[in-house]
2 protein chains.
Amino acid sequence: MTEQTRPTKLGRLATYADRTLPVLREMILDGKLPPGERLNEVHLSQALGISRGPLREAINRLAVEGLVEAVTHRGVYVRSFSARELSDFYELRVALETHAARLAARYAPQERIDELSHMLDETEQAMGNDAAGAYPASPDFHARLSRLAANPPLLQSLTEVGRKIQLARARSAHQPQRARVALDEHRAITAALSARDGEHAAALLEAHLTSSLNNALAVLRAAEPK
Amino acid sequence: MTEQTRPTKLGRLATYADRTLPVLREMILDGKLPPGERLNEVHLSQALGISRGPLREAINRLAVEGLVEAVTHRGVYVRSFSARELSDFYELRVALETHAARLAARYAPQERIDELSHMLDETEQAMGNDAAGAYPASPDFHARLSRLAANPPLLQSLTEVGRKIQLARARSAHQPQRARVALDEHRAITAALSARDGEHAAALLEAHLTSSLNNALAVLRAAEPK
DNA sequence: CCACTGACAACTGTCAACAGTTTGAGCGTG
DNA sequence: CACGCTCAAACTGTTGACAGTTGTCAGTGG
């Protein structure tokens with residue numbers, strides 16, 4: 001029984017600010033608060049049923065995470081990223097994730113890598129029929145891969161840059177025709193890990209992320225020619 | 001004329017919270033607020049001459065940055081890192097900084113790399129006499145190197161992990177006898193950049209950071225045998 | 001002597017009101 | 001008609017007070 005809207009009395013563990021942060025983050029990443037949108041403290045606090053204090057704390061944390069931008073005396077806005085910034089984010093992600101792959105190739109227990117393979121098997125089976133279907137499990141693959149590095153700070157940084165990328169890509173839905181290609185690339189990366197060839201895994205991963213970036217950039221430019 | 005303590009009236013640009021954040025950060029990194037210390041909101045706000053609201057905002061941002069840990073209804077404490085966490089931080093820094101070096105080798109203009117060399121020349125000249133002196137410009141070298149990647153998000157991540165490392169190393173002063181060795185390693189890295197050999201620069205940098213970590217770990221274990 | 005209970009003090013989380021700034025509409029003027 | 005000025009509404013930054021929780025310590029009973 002997991003309630004989430006306790007009218008007046010505070011729940012036992014988490015504080016209002018703690019609980020509001022993920023709500024706001026999801027509103028932004030879901031597009032309910034699109035890039036450029038202003039976050040009105042009064043309206044939002046009333047909508048969420050809390051006062052401005054805890055709301056401001058949650059918003060502040062979002063600002064540190066880089067999802068919103070606070071301008072003194074003028075309000076906070078959902079960040080809107082340029083193509084250049086999206087590229088920078090991907091480059092940062094390459095730095096982190098390729099290193100995670102190298103670490104995983106060296107230190108991850110074999111059974112964890114096998115789990116990755118099994119997950120890809122299941123995904124392939126699930127999508128097998130409609131070959132041009134989506135690939136919703138792709139972020140999950142990258143998250144599990146990053147976890148194999150067994151380095152919490154590294155994983156944390158990857159999570160944060162991942163959110164910024166998600167926001168930057170906003171409405172550029174992933175093209176379904178890349179699903180099959182992406183799956184194959186994930187397989188190759190996993191195979192390299194299994195062979196304990198970190199450099200090869202890193203190279204494959206970098207190529208994989210680069211084509212993902214190019215895909216996103218193409219969609220972006222198509223949406224906004226200038 | 002840069003005033004910093006405006007008694008009552010708010011300065012034009014920055015807000016109290018904005019100005020308090022760097023003050024608190026410096027207090028922590030300077031050791032005035034040592035690891036494990038509790039940050040009492042009432043006392044701190046009185047000492048800083050502001051009310052609890054802005055102070056809480058500044059503290060919240062520090063929590064997101066990972067320098068303090070907030071425990072609900074129990075206060076926030078300056079974080080105290082284990083040797084394992086310090087290693088993780090260094091590994092993360094390796095991921096970021098080696099990639100920055102690779103990017104710099106590919107894209108940085110030659111004159112920027114030359115500036116690095118000149119800086120090393122001046123440092124050597126300044127320390128030349130007392131060969132066992134300190135090497136205070138070392139962080140500056142790493143900062144400039146990271147800036148050559150021309151990737152603001154990457155630089156930002158490096159800055160944040162750098163602060164955590166600084167806090168984790170707390171009282172483990174850098175051993176001066178490593179100054180000469182470190183300077184030589186910096187020279188080698190710069191030379192590799194100049195030769196546009198990104199892989200070599202990355203390898204040298206990783207070795208450099210690894211010995212820095214080992215040095216810090218040795219000092220830590222000497223201070224706290226168990 | 002130790003474990004337990006209950007009340008008190010200190011502190012954090014939250015709220016509502018106040019103060020200063022920005023923005024934009026309305027109005028007058030060149 | 002365009003431009004600048006004035007002023008009020010809206011909103012953010014800040015403050016002080018209130019509410020709920022945690023930790024402590026004296027007092028009691030085993």
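This is a predicted model, so every value here is computed, not measured. Naming: A, B, ... by sequence-line order, numbering from 1 per chain.
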Practice task
Using ring-ring contact (aromatic ring centres under 6.0 Å, His included) as the criterion, list what pairs up with B:His186, not counting sequence neighbours.
Solution key: B:Tyr135, B:Phe141, B:His142, B:His208
Exercise for the section: Tell me, please, which residues at least two apart from B:Tyr90 pass ring-ring contact (aromatic ring centres under 6.0 Å, His included). Expected result: none
Practice task
Kindly state each residue pair satisfying salt bridge (charged side-chain N to carboxylate O under 4.0 Å, His left out) with at least one member in residues 46-56 of chain B, sequence neighbours excluded.
Solution key: A:Glu57-B:Arg56, B:Glu41-B:Arg52, B:Glu41-B:Arg56
Handout entry: salt bridge (charged side-chain N to carboxylate O under 4.0 Å, His left out) partners of residues 86-101 of chain B, not counting sequence neighbours, each pair once
Key = B:Arg84-B:Asp88, B:Arg93-B:Glu97
Exercise for the section: Only counting residues at least two apart or in another chain, list the ones meeting side chain to side chain contact (heavy atoms under 4.5 Å, CB included) with B:Glu37. Expected result: B:Leu33, B:Pro34, B:Val78
Completion exercise
Across all chains, not counting sequence neighbours, the side chain to side chain contact (heavy atoms under 4.5 Å, CB included) partners of A:Ala83 are A:Leu217, A:Arg221
Practice task
With sequence neighbours excluded, give me every ring pair (Phe, Tyr, Trp, His ring centres under 6.0 Å) pair touching residues 30-62 of chain A.
Solution key: none
Exercise for the section: Can you tell me the distance, in whole Å, between the CG atom of B:Leu44 and the C1' atom of C:dA10? Expected result: 16 Å
Fill in the blank from the handout: From CG of A:Leu48 across to C1' of C:dG13 the rounded distance in Å is 17 Å
Could you write out each protein N or O paired with an N or O of nucleotides 9-11 of chain D at a distance under 3.5 Å?
residue : atom : partner : partner atom : Å
D:dC11  : OP1  : A:Asn40 : ND2          : 3.1
D:dC11  : O5'  : A:Asn40 : ND2          : 3.4
D:dC11  : O3'  : A:Arg38 : NH2          : 3.2

Handout entry: Close approaches to DNA chain D from residues 53-65 of chain B, in residue order (heavy atom, under 4.0 Å)
Key = B:Gly53, B:Pro54
Exercise for the section: Enter the inter-axis angle for the ends of the helix from C:dC1-D:dG30 to C:dG30-D:dC1 (five pairs per end, rounded to 10°). Expected result: 10°
Problem - A:Ala17 vs A:Arg52, nearer the 5' end of DNA chain C by closest nucleotide - result: A:Ala17
Handout entry: Neighbour count >12 (heavy atoms, 6.0 Å) for atom CD, B:Glu26
Key = no
Practice task
Could you pull out all residues at least two apart from A:Arg144 that satisfy salt bridge (Lys or Arg N to Asp or Glu O under 4.0 Å)?
Solution key: A:Asp140
Handout entry: A:Thr15 side chain near C:dT14 phosphate (N/O to OP1/OP2, under 4.0 Å)
Key = yes
Problem - Sequence neighbours excluded - side-chain hydrogen bond (donor to acceptor under 3.5 Å, both in side chains) pairs with any residue from residues 152-162 of chain A - result: A:Gln156-A:Glu160
